[in-house]
Amino acid sequence: MFVTLLRSDFPQRLSSSVTTKLKAQSFFIGFGNGYLFLIGLFFSYAFYNMFTSVIVVVGSYFIGVLITMLSDKLIKESNRLFVFLLGTFLMFFGFYSPIFIILSVIIGSYTLNLISSQNNMNVYTHNLSHREFSLLLNTAWRSTGNLCLQFFLFIIIVTVGICYNIEWSELFLTVSGKNKLQIAGLTELSLMSILAFCCWLVMTSLAFWVIKRSIPNET
């Protein structure tokens, strides 16, 4: 029975129950959430211990969620991706003051939750005959985006370790706030900036691709 199901066109119909744009948007949401938490924590370790850093980042994220619940009209739908990218760009200044980390996470959380709500509604109403499967597929793409961010960070850290001939474990301890780099030409600031900038570039590329897909083709 299972083999028969796989040989049928059900997998193709299930995959097509969510458009490529919605899949990419879901992937972006998962990637963006991971960016807010992980990069926010990495920069927070410069000022606080691990427990306080988690409180600062998680607290800022839920402030953004609360603002979303109170008002979802502060930003036009067409501008939300741009505002998210600008908000997360503030994270680059997080090494100088925790205020930038807090602002970045709050703005990022607010705009990402607006995007997420609209994405959920679009997925829910796109294919009524496969509504439950569409929502499941949507969740899977978000989880994939989050996992890809973590894997991407791992690749960057490994690459930096190879370039500077540093043990990977030392770099992982540094990003978790448990080690101070003593390497000429590589400081905690430069390491965090490399991680944040590479991830931000990926998010920006994906966001512009989603925006391009949102523009209707002229006939």
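None of the values given here were measured: they were computed from a predicted structure.
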Atom pair [atom1]/[atom2] of [X] and [Y] - distance to nearest 0.5 Å:
X: Ile101; Y: Leu90; atom1: CD1; atom2: CG; value: 11.0 Å
X: Asn113; Y: Asn33; atom1: CG; atom2: CG; value: 7.0 Å
X: Ile115; Y: Tyr110; atom1: CD1; atom2: OH; value: 11.0 Å
X: Phe84; Y: Leu114; atom1: CZ; atom2: CG; value: 11.5 Å

Side-chain donor-acceptor pair present, Asn119, Asn138, cut-off under 3.5 Å: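 Checked: Asn119/Asn138 side chains pair up, N/O donor to acceptor below 3.5 Å.
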Donor on one side chain, acceptor on other, Thr52 and Asn49, under 3.5 Å: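 Checked: Thr52/Asn49 side chains pair up, N/O donor to acceptor below 3.5 Å.
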With side chains defined as the heavy atoms from C-beta onward, is the minimum distance between Asn146 and Gln150 less than 4.5 Å?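 Yes, side chains in contact.
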Over all atoms of both residues, closest heavy-atom pair of Thr111 and Arg80: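 Minimum heavy-atom separation between Thr111 and Arg80: CB-O, 4.0 Å.
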Considering all heavy atoms of both residues, which atom of Cys199 and which atom of Tyr35 are nearest to each other, and what is their separation?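 What the structure gives for the nearest pair is CB-CD1, 3.7 Å.
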Angle class for the Phe37/Tyr61 ring planes (parallel below 30°, perpendicular above 60°, tilted otherwise)?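 Taking Tyr61 first and then Phe37, their aromatic rings sit tilted (interplane angle of 30° to 60°).
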Tell me whether the rings of Phe27 and Trp141 are parallel (<30°), tilted (30 to 60°) or perpendicular (>60°).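 Phe27 vs Trp141 ring planes: perpendicular.
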Aromatic ring centroids of Phe89 and Phe197 under 6.0 Å?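 No.
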Do Tyr45 and Tyr48 have ring centroids that are under 6.0 Å from one another?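 Not close enough - the centres of the two rings lie 6.0 Å or further apart.
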With no hydrogens and no angle check, is any side-chain donor or acceptor of [X] less than 3.5 Å from a backbone partner on [Y]?
X: Ser109; Y: Ile106; result: no
X: Trp200; Y: Leu85; result: yes
X: Thr187; Y: Ser190; result: yes

